[in-house]
Amino acid sequence: MRVVEVKLYTRITRQVYGARGSLVFVKTLPGVRYGELVELDVDGDVRLGQVVDVSQDVAVTQIFGSSLGITPGKTTVKLRGERLRLPISIDMLGRIFNGLAQPIDGGPPVIPEDYMDIHGEPLNPALREPPSEFIETGISVVDGMLTLVRGQKLPIFSGSGLPHNKIAMQIVRQARVKGKEESFAVVFGAIGVTFEEAMYFLNELRKMGAIDRTAAFIAPASAPTVEKLALPRTALTLAEHLAWKHNMHVLTILTDMTNYCESLREISAAREEVPGRRGYPGYMYTDLATMYERAGRVYGKKGSVTIMPILTMPDDDITHPIPDLTGYITEGQIVLSRDLWRKGIYPPVDVFLSLSRMMKEGIGPGKTREDHHPVFGQLYRAYADGQRLREIIAIVGTESLTERDKKYLEFADAFETKFINQGEYERRTIEETLDLAWDLFSILPEEELAIREELIKKYHPKYRSQK
Amino acid sequence: MPARLGRIYRIAGPLVVAEGLESPRMYEVVYVGDEGLIGEVIAVRSEKTYIQVYEETTGLTVGEKVEATGRLLSAELGPGLIGSIYDGLQRPELEIGRILRDIFIKRGVKVNALDRGKKWVFERNAEIRVGEKVGEGDILGSVKETPLIDHKITIPPGIRGIIEWIAGSGEHTIEDTIAVISAGSVKHEVKLYQIWPVRVPRPFKEKLPPSEPLITGKRVIDLIFPIAKGGKAAVPGGFGTGKTVMLQSLTKWSHADIAIFVGCGERGNEMSDALKSFRELFDVRRGRPMMERSVFIANTSNMPVAARETSVLLGVTIAEYFRDMGYDVLVVADSTSRWAEAMREISGRMEEMPGEEGFPAYLASRLAEFYERAGRVIALGSPERTGSVTIFGAISPPGGDFSEPVVRNTLRYIQALYALDYELATRRHFPAISWLTSYSLYVDFVREYLDEVSGGKWLEYRNLFLKILQRESELLDIVRLVGPEALPEEDKLLLEVARMIREAFLQQNEYDPNDAYSSLEKGLLIMNAIIEFYNTSLKLVKSGVPVFKIRELKSPYLIYRFRLYALEDVKKLYEEFKKSFKKEIESIMGESSGS
């Protein structure tokens, strides 16, 4: 169903008053609609734009492309009388597009099932189903400590030079839901990435044979600012289409959202808006939320949209507006640590700063394993104790340590090198992850385990070997 | 009155400017555009009328009509409120889903807040007779809305006169007239529901001092920083400090008769999680599903920004309505920061002179107007009754920095602060309420009540707890430099006790069935046990017993387990602790006197 709004108003004008950055100021024609699409003809080169502010005299148009060559009085502006709607189809799986859903892989255009407004609409909160299905990523620290569930939005907070792309690809490669073979798709959006990064992603997807169930959207660093702003929305529009129309479980990976936010700031500055913190617009929270809130599950629908945005924290600062606002919207965060990475730990996940808010819904008997909850708590506490002891010995030395303290230090080391640390191509099942945790518990004094006795008898290596 | 019409002059996101509108009134409702999107007049400047639109404005065009209604944005108040899930304009969201047959919310949907067709059983108040004089707030009868809520049908504020007719007990829809009141030549028809503008506080007879605590089931609140019925509190916390979990927990367990949860610009998945648990969880005190005493307002972060303000106001208006029936109502607004951000966005579009960090200069007065609607009051009308509205507002400060404008301005209007601490949250100390920065100005008001329940000891014990915790934070600075062994014995003991206060008393596990809710009695038992341990051990230490001896005792560890048991078992554990502690102490004394 193609919704075409009133075409009657389609008009052409040459009355361009001026241009600044990606904004073009045009005379308001009768019937110009807020948010409608315009075409600018610059000496035969047609560029798209959108009306972002309209008053009696001037319509402010933001163009998806460069303003190079726009000349007041010469450039013609045509009102399209409709909103920006992009062709969307399940056939987009296996293909590569730019931010405006145009193929960039040399293949033929996709025959659309629908033309959709990429801004989407808010999911009815009363119809949402709380996410609770465990996604096994095969990465111990994620499955064990930061469990991801279907319909969740869980970002990776990284820093420049850290292996967030590798982790994202490992998750794409390994993610599955226990005991179920259901239609599963990956929508991958790369915003403002370098050529090298884009190539890495495409090669990885090809290598894993996942390319057939993956749709990739790529706006390289050199793409126009507005295309970078459109890209995550285009990707999510396809994700929603696959989830709600085709009953698929869709994992959407968006990287690097820091580039997106920079583009947002750029446009906001061009529009001379009152800036919020560090020059980012005051509505950045809402802007990000309208994208991330598109994740979820719905009563009566089989599919789901899971979103994993990746962002690099400027200066590794978690209080910077980008990670800060993201953290307020998403259901937790996976934070990467430069210290661990320097120690050679992959994936270098900082367990203390990371969190999965949907975890409690997704673990336990029938979902992962009966001991998951207490094991998680024990790992966290023991690692925290070890960490605290590390701080103490940094000041007072190892002299005053008791035997017990030494065990906790040993545990903290083992937790990092054996539990967190794993191969980029190594997949551990949730059972293997939990058993590994029990192996580490055997370092600790048994009476200090805050776990129910029957679970200790069942899973502790000491008793396992007796059977 | 002929419709007053104007036309759209400018559209900028949620802000629409109209011209040609004859004598626009501030805050009147206008229908914008041919679809009739709902908006509200927020400024009038010479010929131009500024309208904030509560729905998506895409597709509107310059020149479309704007129709002024002369009405203020209002709430429908009557049977059917309880158990509802509303958006910021009081449209029931399940109804929206049914009408649209879609999982998405589209703009321009017109749905009544209260079901017009549903029949309610009206129970007439036998005291009210035809020909009698009645006034605003008088109870005409009631409707058993849910097994927990007796919905009183009152005469709306502003109406008084002689009862000319009143319906008998029986089934009625909310639009049926149930009484006719004549005031001179004017006849007022009273129905089961009434309309009230959300920006106007509902009137009452008298405000009362907040002398009764609102029990929340959280020890750190009830016994350390108590909140009073009719109180106003802020809960600031960075992300991941457990703000939403704590607020949802308050809505679930507090001793309020009615809980109103306003999800304002927050996560949809969390909202659905809360809804699910409210349907499944049973009220501990009354054994009924919590949904039977709750109202939800869900305006998630991806829904229209301007409606964040109306969600908050709608929530507090519904609360006042139930307060006037004589109920204690709790309103939780999560999060007021998102509302403030919405104000900032609209203000920016209006090109107003910004205050701090881009927030409008009137941020403070808006916050004040909101929080001032809390209070314990004697309601209008007879029979005389008292009710209260208690407000908890969440704040999400950027970067967890409490010096930002929303936190600082809120602090001027609230009486209790529950500051959530990032450090505590990473240590998995929940609720992560910082004992060093939080405060409650209700301590003196509720002291009499709590002292009576606790046998006169509460305030003394509470202050001792805080003193120990304060001293602990000083000592920990020293320990970081010189290690724990360098401390004098008395301080070492203090560290032990402080740890006990933190882990056995302040912490509460939201997911443990026995620990999620803690009665006053249980909290006081733990308090007593810790004080007993401290006083006795202190005597020993002063008489020369080293602290490591005390650390070796087994019985104090019992105290750590108290919180995981139900009250009856805690009583037994407490007796057990007293007995075995005494025995262990005696054996230490024996040792030291024997040596």
(request) Considering non-hydrogen atoms only, spot the tightest contact between Gly268(B) and Glu293(A) and give its length. (result) N-OE1, 3.0 Å
(request) Check whether Glu404(B) gets within reach of chain A through its side chain, its backbone, both or neither, counting any heavy atom under 4.5 Å. (result) neither
(request) Could you tell me the separation between the CD atom of Glu331(A) and the OG1 atom of Thr244(B), rounded to the nearest 0.5 Å? (result) 10.5 Å
(request) Take Ile96(B) and Asn124(A) through the test side-chain contact (heavy atoms from CB on, under 4.5 Å) and record every step on the way to the result. (result) CA-CA 8 Å; Ile96(B) 295 179; Asn124(A) 189 327; 4.1 Å; yes
(message) Testing the basics here: between Gly35(A) and Thr58(B), what is the closest heavy-atom pair and its distance to 0.1 Å?
(response) CA-CG2, 4.1 Å
(request) Let me know if Tyr511(B) has heavy atoms under 4.5 Å from chain A in its side chain, its backbone, both or neither. (result) side chain
(message) At a 4.5 Å cut-off on heavy atoms, which part of Met291(A) comes close to chain B: side chain, backbone, both, or neither?
(response) neither
(request) With a 4.5 angstrom heavy-atom cut-off, could you sort out which part of Arg267(B) is near chain A: side chain, backbone, both or neither? (result) both
(message) Under 4.5 Å from any heavy atom of chain B, what part of Arg357(A) do you find: side chain, backbone, both or neither?
(response) side chain
(request) Check each atom of Tyr285(A) against the heavy atoms of chain B and say whether the ones under 4.5 Å are side chain, backbone, both or neither. (result) side chain
(request) Starting at OG1 of Thr61(B), measure out to CG of Leu79(A) and round the result to the nearest 0.5 Å. (result) 9.5 Å
(message) Using heavy-atom distances under 4.5 Å, tell me whether Pro354(B) contacts chain A through its side chain, its backbone, both, or neither.
(response) side chain
(message) Is Thr326(A) in contact with chain B via its backbone, its side chain, both, or neither, using a 4.5 Å heavy-atom distance?
(response) neither
(request) Compare every heavy atom of Pro125(A) with every heavy atom of Leu275(B), then report the nearest pair and how far apart it is. (result) CD1-O, 4.3 Å
(message) Quick check: closest heavy atoms across Pro398(B) and Arg277(A), and the distance to 0.1 Å?
(response) CB-NH1, 3.1 Å
(message) Are Val54(A) and Arg10(B) packed together at the side-chain level, in the sense that at least one heavy-atom pair is separated by less than 4.5 angstrom?
(response) no
(message) Once rounded to the nearest 0.5 Å, what's the spacing between atom CD of Glu361(A) and atom CG of Asn269(B)?
(response) 10.0 Å
(message) I'd like to check the salt bridge (Lys or Arg N to Asp or Glu O under 4.0 Å) partners of Asp102(B); sequence neighbours left out, ordered by chain and number.
(response) Lys106(B)
(message) If you define the side chain from C-beta out and look only at heavy atoms, does anything of Tyr34(A) sit under 4.5 Å from Ile8(B)?
(response) no
(request) Working to the nearest 0.5 Å, report the span between CZ of Phe239(B) and CD1 of Ile318(A). (result) 4.5 Å
(message) Looking only at heavy atoms and a cut-off of under 4.5 Å, which of Leu123(A), Leu355(A), Thr28(A) has the most pairs with chain B?
(response) Leu123(A)
Report, one line per pair, each donor and acceptor closer than 3.5 Å where one atom sits in a side chain of residues 295-307 of chain B; sequence neighbours left out.
unit_1, atom_1, unit_2, atom_2, d
Thr300(B), OG1, Asn302(B), OD1, 2.6

(request) Below 4.5 Å from any heavy atom of chain B, which atoms of Ser132(A) appear? Answer side chain, backbone, both or neither. (result) neither
(request) Counting only heavy atoms closer than 4.5 Å, note whether Arg107(B) contacts chain A via side chain, backbone, both or neither. (result) neither
(message) So which atom in Ile85(B) and which in Ala126(A) form the shortest heavy-atom distance, rounded to 0.1 Å?
(response) CD1-CB, 4.0 Å
(message) Report which part of Asp287(A) has an atom under 4.5 Å of a heavy atom belonging to chain B: side chain, backbone, both, or neither.
(response) neither
(request) Identify which part of Val298(A) has an atom lying under 4.5 Å from any heavy atom of chain B, answering side chain, backbone, both or neither. (result) side chain
(request) Please name the pair of heavy atoms, one in Ile105(B) and one in Glu121(A), separated by the smallest distance, quoted to 0.1 Å. (result) O-CB, 3.9 Å
(request) Name the region of Tyr299(A), side chain, backbone, both or neither, that has any atom closer than 4.5 Å to a heavy atom of chain B. (result) side chain
(message) For the OG1 atom of Thr319(A) and the OH atom of Tyr422(B), what is their distance to the nearest 0.5 Å?
(response) 10.0 Å
(request) State whether a side-chain donor-acceptor pair under 3.5 Å links Arg308(B) with Thr286(A). (result) yes
(request) Measure Glu64(B) against the heavy atoms of chain A and call it side chain, backbone, both or neither at under 4.5 Å. (result) side chain
(request) Sort Leu94(B) into side chain, backbone, both or neither according to what part of it lies under 4.5 angstrom from a heavy atom of chain A. (result) both
